[in-house]
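First comes the structure, then the notes that go with it.
What you see is a predicted model; the values in this text were computed from it and never measured.
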Amino acid sequence: MSDNLVNLNVNPCKMCMPMGAVTALYGIRGCMSILHGSQGCATYMRRHLATHFNEPIDIASSALTEQGTVFGGEANLLKGLSNLIELYHPEVIGVCTTCLAETIGEDTRAIINKFYEQNPGLAVKIIDVSSPGYGGTQNEGFFAAVRAVIEQVEPVELGQGHKGDGSFCVLEDAENSKIIENTKRTVPLVSSVSPDKGWINIITPMISPADTRWLKGFLRELGLDFILMPDLSDNLDGVTVKTYQRLKIGGTPLSEVARMAGAQLTVEFSEYTKPGESPAVFLNQAHGVPYVQLPLPMGIRGMDAFIEALQEQGGLVSDELLRARGRYLDAMVDGHKYCARARAAVFGEPDFVTATVRLCCENGIVPVIAATGSVCADLKPSIEAEIAACADISFAEKAEIRDDCDFDTIEKYCQELGANLMIGSSEGRRIARRLGIPLIRCAFPIHDHVGGQRVRTLGFDGSLNILDQVANAMLDKTSASFRTELYQKFYKDEVGAAS
Amino acid sequence: METSVDFTEAPTTSGASSVIAPVITHVAEVTLTHEASAPSSPGILQERSGSISCSKKKGRSIECEKESVSGAVSQRACVYCGARVVLNPITDAYHIVHGPIGCASYTWDIRGSLTSDSEIYRNSFSTDLRETDIVFGGAEKLTKAIDELVEKAAPKLIFVYATCIVGVIGDDVEAVCRMAEHKHGGGLRVIPVKAPGFSGTKTQGYKLACDAIMELLLPHREQPQQFGINILGDYNLAGEMWIIKGYLEDLGIPVLSTITGDASHDKLIRAPGALLNIVQCAGSSSYLANRMEEEFGIPHIKVSFFGVEDTSASILRVAEALGDPDIFARARAFVVRRSAEARPFIEQYRPKLAGKRAAIFVGGGFKAISLIRQFNELGIKTVVVGTQTGKQDEYELIGELVDADTVILDDANPAELEQFMLEKQADILVGGVKERPLAYKLGVAFCDHNHERKHPLAGFEGIESFIREINLSINSPVWQFVRGDRG
């Protein structure tokens with residue numbers, strides 16, 4: 001809500017839950033989503049995702065009508081499921097609710113069960129995700145979908161499922177007693193797990209495909225086996241192919257999701273998921289998998305915490321990794337004086353804001369505004385002290401930390417607190433343009449630039465990508481203005497010169 | 001050639017008798033080579049086949065103006081979207097979206113309508129309903145929001161869009177709006193737009209928007225008639241309305257009101273005094289033109305300012321309708337001159353474009369018709385043409401304009417676009433942003449012809465930018481490398 005108009009959200013710094021849910025489902029292999037609601041929801045989200053990722057985005061809709069709204073949308077959803085199966089042949093379907101479906105009280109699980117009954121032998125795993133548009137932002141929707149998939153896929157214990165020949169065993173869906181087809185398939189291009197060695201689960205919030213690729217490479221570099229959930233890297237940053245495939249078949253296969261229950265640890269990159277919403281907590285409570293919730297691996301402390309956690313799991317730190325760390329520290333020193341001029345407005349999802357704020361504070365960039373559109377009371381206590389300490393170096397009087405925040409409020413504080421830089425999604429561009437300050441685009445959505453899918457923020461390289469942009473923005477600012485500014489400030493006409 | 005990763009599908013041999021048999025016979029597999037793969041499965045649902053015409057022989061009559069098929073992945077948005085598209089360009093209006101945040105978020109300043117004055121319309125206002133509002137109702141929150149807005153911003157015009165759940169939870173938005181007008185007085189208009197997404201198609205949203213405009217205009221019906229016209233259904237995308245208005249004013253035809261490109265409260269209420277309405281986007285605004293004819297006695301003509309042929313014809317028709325021989329003479333001279341001036345440009349590019357094949361997928365039928373004519377002018381054959389919300393008579397005209405084997409489709413989905421673009425070997429797709437990545441993945445060039453575009457495509461100026469857009473994509477060097485890799 002806005003500070004200026006307290007009963008209105010003016011220029012939203014958030015999207016709705018189903019957006020996050022369908023995004024997360026893009027990280028599941030062979031998955032298609034259907035939104036149970038009006039036709040528009042699916043189309044709007046497709047447009048948003050397509051312009052950010054520059055990939056074809058297909059999301060079905062049950063296209064609820066007046067009649068469906070009054071008498072229930074069962075017929076629409078049943079037909080929608082069978083139509084999208086005919087068109088896409090998915091291995092997995094995610095049925096996500098919308099504000100409409102939830103408000104009229106649709107029992108999507110019952111409808112899905114009916115669909116199974118009507119189609120015996122159906123070899124499609126159908127997951128239901130509760131994602132009412134009023135229930136939270138895309139961030140909560142993302143985790144809701146990840147958790148729903150993990151909850152609804154029957155786990156396979158270590159050693160049981162793997163036949164060692166590239167095929168995975170039959171998975172029983174206890175609830176429906178439906179059999180997921182025993183399919184022989186080559187091991188996909190995601191994390192691979194060997195049966196005789198332990199593995200860890202990695203759960204991320206929405207991160208870019210490029211960051212996801214980095215994350216997978218990094219884990220491999222440390223010699224760890226892992227299951228990454230979800231994995232957006234191939235499906236939302238595709239390659240040119242000879243034959244276009246309507247169904248995206250990168251992403252985490254359900255056969256691997258089924259093995260998450262047998263992991264030695266879950267690393268969840270979120271400091272804010274509540275126990276009832278956290279996939280890691282679910283795996284812990286249901287299957288006894290220990291877990292650790294870590295900040296996104298950004299900045300020196302974020303990376304050190306991640307590396308330390310991995311070392312405890314048997315991860316091996318190579319000389320090359322130590323050199324990368326050293327180069328990062330070296331670069332921090334190189335840029336620190338320029339970074340110190342920055343007064344940043346950091347906005348976006350809570351975990352992104354937190355990690356970015358810490359990165360800023362490590363480098364003397366004062367985050368004068370840290371804002372999220374989500375309701376997240378824990379944001380302030382977790383970053384307040386360090387922002388204050390960073391601000392104190394140069395006696396910056398005030399910083400504003402806000403949850404449930406809109407861009408109208410962010411703009412107000414950008415002006416009041418003298419922000420000279422914005423870090424977040426492209427939605428900050430209007431403020432940046434009005435105030436004549438640079439915007440570092442590194443979060444979803446990015447509508448006005450290409451390359452949303454390639455944004456790098458994680459790891460030493462990703463952190464440095466942000467840091468270099470901050471330092472260079474400050475250098476550009478100075479070099480564009482210092483001659484005129486100093487001339488105007490200090491030059492006086494020579495005494496006696498003709499006027 | 002270097003081996004690269006290729007996601008392809010290989011059919012398996014298992015069969016099954018279920019209705020969903022294709023699922024079981026269709027197992028995805030990751031291969032590491034460019035081995036020949038099975039073509040994508042057909043993209044046509046039985047239920048959709050009536051909305052597709054593949055040849056003149058089988059008749060050009062298709063099913064349209066229907067609700068989208070569940071699960072078909074329609075490219076259409078919803079009723080709310082239709083209403084918002086039409087009303088949003090009113091620059092000094094406060095557009096309050098009453099509902100959960102999504103609808104406001106996805107429609108915030110995403111369109112290229114330009115303004116000569118207020119920037120208010122580029123902001124998003126939403127009551128951002130939460131769980132508790134769903135339980136206890138959101139009417140009070142809406143009332144407070146309007147009160148606060150009136151107090152702080154002194155608006156003249158507020159539109160309140162009721163989205164999906166508002167009616168379901170029982171908020172009486174009409175009453176809230178009526179009360180607000182009454183309470184605040186001073187000529188403030190607070191106009192409800194009851195546009196739950198499920199209550200029809202995008203076309204229904206257009207109609208609701210037109211009704212909202214009528215609601216604004218009706219109190220101003222008593223005003224002296226002036227020599228001048230209104231432009232309906234032009235949203236001033238990339239300044240297109242300004243281009244057209246410029247032509248008309250140069251010919252001595254005053255433009256009283258523009259609905260809704262670069263419109264404002266004060267300019268809109270002049271509309272009932274016009275002699276004639278000209279309707280550019282027929283899909284969204286014919287209904288408004290009809291209502292204005294009924295209520296104010298203003299006749300209307302349909303126009304299109306896309307391409308030399310349609311732009312010229314439209315200018316002449318407007319001049320003719322006004323019945324002033326001087327204006328008509330000037331219009332004819334203008335059209336002859338500008339058409340001749342456009343010719344060298346077209347001829348310069350024609351050799352680079354002639355013989356190419358185009359696919360069209362746009363919002364309304366009238367735009368599609370103009371595009372087919374434009375492509376004809378360039379020697380480009382239209383091989384696929386579809387719209388989101390075209391009407392029967394428009395499809396009939398389309399059927400007459402295209403070749404016997406051109407595919408015509410209503411409310412197409414990505415699977416159909418994919419199938420027909422490949423089958424008909426389209427070189428370029430004209431469409432909206434959702435279709436762009438699909439075209440690119442299929443190795444097909446692309447031209448934006450939607451509300452987000454930042455290049456004008458209307459009028460004689462638009463002809464040049466349209467041709468440039470087509471050329472720079474269709475003849476880009478990237479395709480030779482990409483297609484090479486695609487084998």
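For the residue pair Thr137(A) and Glu140(A), a side-chain donor N or O sits within less than 3.5 Å of a side-chain acceptor on the partner. Remark: the Glu102(A) side chain and the Ser130(A) side chain contain an N/O donor-acceptor pair separated by less than 3.5 Å. In this structure, a donor-acceptor pair under 3.5 Å is present between the side chains of His447(A) and Thr51(A). Side-chain contact of Tyr121(B) with His95(B): a donor-acceptor pair under 3.5 Å is absent, judged by distance alone.
With sequence neighbours excluded, no residue forms a side-chain hydrogen bond (donor to acceptor under 3.5 Å, both in side chains) with Lys434(B).
Considering only heavy atoms from C-beta on, Met45(A) stays 4.5 Å or farther from Cys96(A) through its side chain. Between Leu122(A) and Ile85(A) there is a side-chain heavy-atom pair separated by less than 4.5 Å. Thr97(A) is not listed as a side-chain neighbour of Pro18(A), based on a closest heavy-atom distance of 4.5 Å or more. Using a 4.5 Å heavy-atom cutoff, the side chains of Pro12(A) and Trp108(B) are in contact. Contact of the Val92(A) side chain with the Pro253(A) side chain is not registered, since no non-hydrogen atoms from C-beta on lie closer than 4.5 Å. Counting heavy atoms from C-beta outward, Gln118(A) and Ser82(A) have side chains that stay 4.5 Å or more apart.
Distance check: Leu84(A) CG to Ile34(A) CD1 gives 5.0 Å after rounding to the nearest 0.5 Å.
If you measure heavy-atom distances from Val70(A) to chain B, you find no contacts under 4.5 Å at all. In this structure, chain A has no heavy atom under 4.5 Å from any part of Glu151(B). At a 4.5 Å heavy-atom cutoff, Arg48(B) makes no contact with chain A through either its backbone or its side chain. Of the two parts of Asp404(A), only the side chain, counted from C-beta on, holds a non-hydrogen atom closer than 4.5 Å to a non-hydrogen atom of chain B. Heavy-atom distances place the side chain of Phe407(A), and not its backbone, under 4.5 Å from chain B. Within the 4.5 angstrom heavy-atom criterion, no atom of Lys248(A) approaches chain B. Contacts of Gln67(A) with chain B are absent, with no heavy-atom separation under 4.5 Å from either backbone or side chain. If you measure heavy-atom distances from Met32(A) to chain B, the contacts under 4.5 Å come from the side chain alone. With a 4.5 angstrom heavy-atom cutoff, Ser62(A) touches chain B via backbone and side-chain atoms both. Contact of Asn4(A) with chain B is made through the backbone alone, with heavy-atom distances under 4.5 Å. With a 4.5 angstrom heavy-atom cutoff, Glu452(B) touches chain A only via side-chain atoms. Interface remark: Leu8(A) contributes backbone and side-chain atoms alike to the contact with chain B (heavy atom separation under 4.5 Å).
Contacts of residues 137-148 of chain B with chain A at a heavy-atom distance below 4.5 Å involve Lys141(B), Lys144(B), Ala145(B), Glu148(B), listed in sequence order. For a heavy-atom cut-off of 4.5 Å, chain A lies close to Asn123(B), Ser124(B), Phe125(B), Ser126(B), Thr127(B), Asp128(B), Leu129(B), Arg130(B), Glu131(B), Ile134(B) in residues 123-134 of chain B. Using non-hydrogen atoms only and a strict 4.5 Å limit, the part of residues 67-80 of chain B facing chain A consists of Glu67(B), Ser68(B), Val69(B), Ser70(B), Gly71(B), Ala72(B), Val73(B), Ser74(B), Gln75(B), Arg76(B), Ala77(B), Cys78(B), Tyr80(B).
A salt bridge links Arg436(B) with Asp448(B): at least one charged nitrogen is closer than 4.0 Å to a carboxylate oxygen.
Most heavy-atom pairs under 4.5 Å with chain A, from the set Thr201(B), Asp109(B), Val97(B): that is Asp109(B).
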